[in-house]
Novice: 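Before we start, here is the structure in question, set down as structure tokens.
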Amino acid sequence: MKYSIAILDGQSVQALIFAKTLSKLGHNVILFCDNKYSYGYNSKYAVKKIISPSTETNEESFNIFFLDYLDKHFLDVVIPMNDYSARYLSKNKDLLKNKINFMIPDYKIFQRGYDKNKLMNLCREINIPHPNTIDLCEDFNLNNIKYPALIKPNETSGARGFKIVHNPSEFEKSIKRIIHEFGNCHLQEYIPPGGKQFKVQLLRVQSKIIASTVIEKIRFYPISGGSSCFNKTINNIKL
């Protein structure tokens, strides 16, 4: 059966492989892009490319735009390509669920994973190993910080806003600027580079795992540590 599939944040590089795979399976792919001069917009595997407001910088305008599009055009499925479009679908789940098909957690659950500080709090609550973390929105003692440490915005992607600080002077110099640009932050112990990183992805429906992958991260950008830019899937039963 052929479906009409909307891809949100279709300007992203990951939209290329989604559009190609879905197109080769016989589906019609419609890319919603916030920029013509992008990877996704130039894909030959989409039947339509639509310029829309950004889910990252103008979510409210995008919502108005997308609801209007759904009122005028039929789409079967929508798939988000990054954190911002996933957040949009989760936040507006009740509004959208009768208009188009998609899979996303409820917003309260979504935020416990998307907000890096909330995720560390959850790990602490249920005793999952995690880097020592200080919530910079709460009262804290600067003398308790062990250096080097890593400033992380609570909500960001692609390691944006991350900053390694080696002493109190660097911390004081960086923190106000990062909070101004990215919002609330937390401070985390710095895990030095070395060894291997792996990522386990699970797709669960009503507590049943229906798909899973294990990814080995080969290379990062920046090289010192950031977003992975070259990975491979592996078989690892333990993970």
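Count residues from 1 along the sequence.
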Novice: Quick check on Y3: does its OH atom have over 12 non-hydrogen neighbours (other residues, nucleotides or ligands) under 6.0 Å away?
Specialist: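 No, the 6.0 Å shell around OH holds no more than 12 heavy atoms from other groups.
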
Novice: May I ask you to decide if S4's main-chain N or O and D76's side chain share a donor-acceptor pair within less than 3.5 Å?
Specialist: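 Confirmed, D76 side chain pairs with S4 backbone.
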
Novice: Around atom OH of Y107, are there more than 12 heavy atoms of other residues, nucleotides or ligands at under 6.0 Å?
Specialist: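 Yes, the 6.0 Å shell around OH holds more than 12 heavy atoms from other groups.
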
Novice: Distance alone, cut at 3.5 Å: any donor-acceptor contact between the side chains of N35 and Y41?
Specialist: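 Per modelled atom types, N35 and Y41 side chains form no pair under 3.5 Å.
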
Novice: Taking atom NZ of K20 as the centre, does the number of heavy atoms from other residues, nucleotides or ligands within less than 6.0 Å exceed 12?
Specialist: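 At most 12 heavy atoms, drawn from other residues, nucleotides or ligands, come within 6.0 Å of this atom.
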
Novice: I need the S43 OG to L16 CG distance, nearest 0.5 Å.
Specialist: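 Rounded to the nearest 0.5 Å, the OG-CG separation comes to 5.5 Å.
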
Novice: Quick one, V78 and F32 - any side-chain contact, counting heavy atoms below 4.5 Å?
Specialist: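 No. Closest side-chain heavy atoms not under 4.5 Å.
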
Novice: Do L95 and I104 share a hydrophobic cluster (ILVMFWY, side-chain heavy atoms under 4.5 Å, transitive)?
Specialist: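 Yes, L95 connects to I104 through the hydrophobic network.
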
Novice: Measuring from L187:CG to K146:NZ, what's the distance to the nearest 0.5 Å?
Specialist: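 Here the rounded value is 12.5 Å.
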
Novice: Within a 6.0 Å radius of atom NZ on K163, are there more than 12 heavy atoms belonging to other residues, nucleotides or ligands?
Specialist: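 Check fails, neighbour count at 12 or below.
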
Novice: Looking only at side-chain N and O atoms, does N117 offer a donor or acceptor that is under 3.5 Å from a partner on D135?
Specialist: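 There is such a pair between these side chains.
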
Novice: Taking K49 for the side chain and G10 for the main chain, is one N or O donor matched with an acceptor at less than 3.5 Å?
Specialist: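 Such a contact is absent between K49 side chain and G10 backbone.
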
Novice: Side-chain contact, heavy-atom cut-off 4.5 Å: I7 with L22?
Specialist: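 Yes, at least one pair of side-chain atoms sits under 4.5 Å.
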
Novice: Assess whether side chain to side chain contact (heavy atoms under 4.5 Å, CB included) is satisfied between D83 and E155, documenting all intermediate values.
Specialist: CA-CA 9 Å; D83 291 350; E155 297 186 13; over 6 Å; no

Novice: Side-chain contact, heavy-atom cut-off 4.5 Å: P53 with F66?
Specialist: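 They are not in contact (no side-chain heavy atoms under 4.5 Å apart), so the answer is no.
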
Novice: Minimum heavy-atom separation for P131 and Q188, please, with both atom names.
Specialist: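 That would be CB-CG, 3.4 Å.
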
Novice: Please check: side-chain N/O of N167 versus main-chain N/O of S169, any donor-acceptor pairing under 3.5 Å?
Specialist: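 Side chain of N167 to backbone of S169: a pair is present.
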
Novice: Would you name the heavy atoms of Y45 and S23 that are closest together and state the gap between them?
Specialist: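 Nearest heavy atoms, Y45 then S23: O-CB, 3.5 Å.
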
Novice: Can you name the closest pair of heavy atoms from Q14 and M81 and give their distance?
Specialist: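 In this case the closest contact between Q14 and M81 is NE2-O, 2.7 Å.
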
Novice: May I ask you to check whether over 12 heavy atoms, not counting those of E60, lie within 6.0 Å of atom CD?
Specialist: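 It does not: E60 CD has 12 such atoms or fewer within range.
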
Novice: Just verifying a value: how many Å separate C33 SG and L31 CG, rounded to the nearest 0.5 Å?
Specialist: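 That separation rounds to 5.0 Å.
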
Novice: Give a yes or no on this: more than 12 heavy atoms of other residues, nucleotides or ligands lie within 6.0 Å of atom CZ of R204.
Specialist: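 No - once you tally the heavy atoms of other residues, nucleotides and ligands closer than 6.0 Å, there are 12 at most.
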
Novice: What distance do E189 atom CD and L150 atom CG have between them, rounded to the nearest 0.5 Å?
Specialist: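 Result: 10.5 Å between the selected atoms.
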
Novice: Does the side chain to side chain contact (heavy atoms under 4.5 Å, CB included) test come out yes or no for L203 and M103, once each step is laid out?
Specialist: CA-CA 10 Å; L203 178 58; M103 295 181 68; 4.1 Å; yes

Novice: Got a donor-acceptor contact below 3.5 angstrom from the E56 side chain to the Y84 backbone?
Specialist: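 Absent.
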
Novice: Taking the side chain from N154 and the backbone from D115, do they hold a donor-acceptor pair closer than 3.5 Å?
Specialist: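 Not confirmed, N154 side chain does not pair with D115 backbone.
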
Novice: With a cut-off of 6.0 Å (strictly less than), are more than 12 heavy atoms of other residues, nucleotides or ligands near CD1 of I126?
Specialist: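 More than 12 heavy atoms, drawn from other residues, nucleotides or ligands, come within 6.0 Å of this atom.
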
Novice: Please lay out, stage by stage, how D9 and Q11 fare under the test side chain to side chain donor-acceptor pair (under 3.5 Å).
Specialist: CA-CA 5 Å; D9 284 314; Q11 73 279 351; 3.1 Å; yes

Novice: So if you build clusters from Ile, Leu, Val, Met, Phe, Trp, Tyr with side-chain heavy-atom gaps below 4.5 Å, do I30 and F65 land together?
Specialist: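 Same cluster.
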
Novice: Specify the closest pair of heavy atoms between S54 and F62, including all atoms of both residues, with the distance to one decimal.
Specialist: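 Here S54 and F62 meet closest at O-CB, 4.3 Å.
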
Novice: Taking S85's backbone N and O only, do any of them form a donor-acceptor pair with N82's side chain (distance below 3.5 Å, no angle check)?
Specialist: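 Side chain of N82 to backbone of S85: a pair is present.
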
Novice: As an exercise, state the distance from CD1 of I234 to CZ of F198, rounded to the nearest 0.5 Å.
Specialist: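 Output value for this atom pair is 5.0 Å.
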
Novice: Would you kindly confirm whether F110 and Y88 end up in one hydrophobic cluster when ILVMFWY residues are joined by side chain heavy atoms under 4.5 Å apart?
Specialist: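 Hydrophobic grouping puts F110 apart from Y88.
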
Novice: In terms of hydrophobic clusters joined by side-chain contacts under 4.5 Å, are V13 and F220 together?
Specialist: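 Result: no, two separate clusters.
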
Novice: Of all the heavy-atom pairs spanning L202 and S212, show the shortest one and how long it is.
Specialist: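 Smallest interatomic distance, heavy atoms only, reads CD2-CB, 3.6 Å.
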
Novice: Using a 3.5 Å distance criterion without hydrogens, assess whether the side chain of N127 forms a donor-acceptor pair with backbone atoms of C123.
Specialist: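 Here the side-chain-to-backbone pair does not exist.
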
Novice: Should the pair K196-E216 be classified as a salt bridge under the 4.0 Å nitrogen-to-oxygen rule?
Specialist: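 So K196 pairs with E216 through a salt bridge.
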
Novice: Any salt bridge linking D68 with K72? Criterion: basic side-chain nitrogen under 4.0 Å from a carboxylate oxygen.
Specialist: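 Counted as a salt bridge, because a side-chain N and a carboxylate O are separated by less than 4.0 Å.
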
Novice: Return yes when atom CG of D71 has more than 12 non-hydrogen atoms of other residues, nucleotides or ligands closer than 6.0 Å, and no otherwise.
Specialist: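 Atom CG in D71 is crowded, with more than 12 foreign heavy atoms closer than 6.0 Å.
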
Novice: Side chains of L96 and L70: closer than 4.5 Å at any heavy-atom pair?
Specialist: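 Yes, at least one pair of side-chain atoms sits under 4.5 Å.
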
Novice: Would you find a donor on one side and an acceptor on the other, under 3.5 Å apart, between the side chain of H186 and the backbone of K152?
Specialist: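 Between the backbone of K152 and the side chain of H186 there is a qualifying donor-acceptor contact (under 3.5 Å).
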
Novice: State plainly whether one hydrophobic cluster holds both V77 and L8, where clusters connect Ile, Leu, Val, Met, Phe, Trp and Tyr through side-chain heavy atoms under 4.5 angstrom apart.
Specialist: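 Different clusters: V77 never reaches L8 through Ile, Leu, Val, Met, Phe, Trp or Tyr contacts under 4.5 Å.
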
Novice: If every non-hydrogen atom of E170 is compared with every non-hydrogen atom of I164, which pair is closest and at what distance?
Specialist: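 Closest pair (atom of E170, atom of I164, distance): OE1-O, 3.9 Å.
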
Novice: Check whether S90 reaches the backbone of P105 with its side chain - one donor and one acceptor, N or O, closer than 3.5 Å.
Specialist: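 Looks like yes, one N/O pair under 3.5 Å.
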
Novice: Do N63 and T55 make a side-chain contact, defined as non-hydrogen atoms from C-beta onward lying under 4.5 Å apart?
Specialist: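 Not in contact.
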
Novice: If we only count heavy atoms from C-beta on, is the L75 to Y69 side-chain gap below 4.5 Å?
Specialist: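 Touching, per the 4.5 Å side-chain cut-off.
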
Novice: For the CD1 atom of I215 and the CG atom of L239, what is their distance to the nearest 0.5 Å?
Specialist: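 Between atom CD1 of I215 and atom CG of L239 there are 12.0 Å.
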
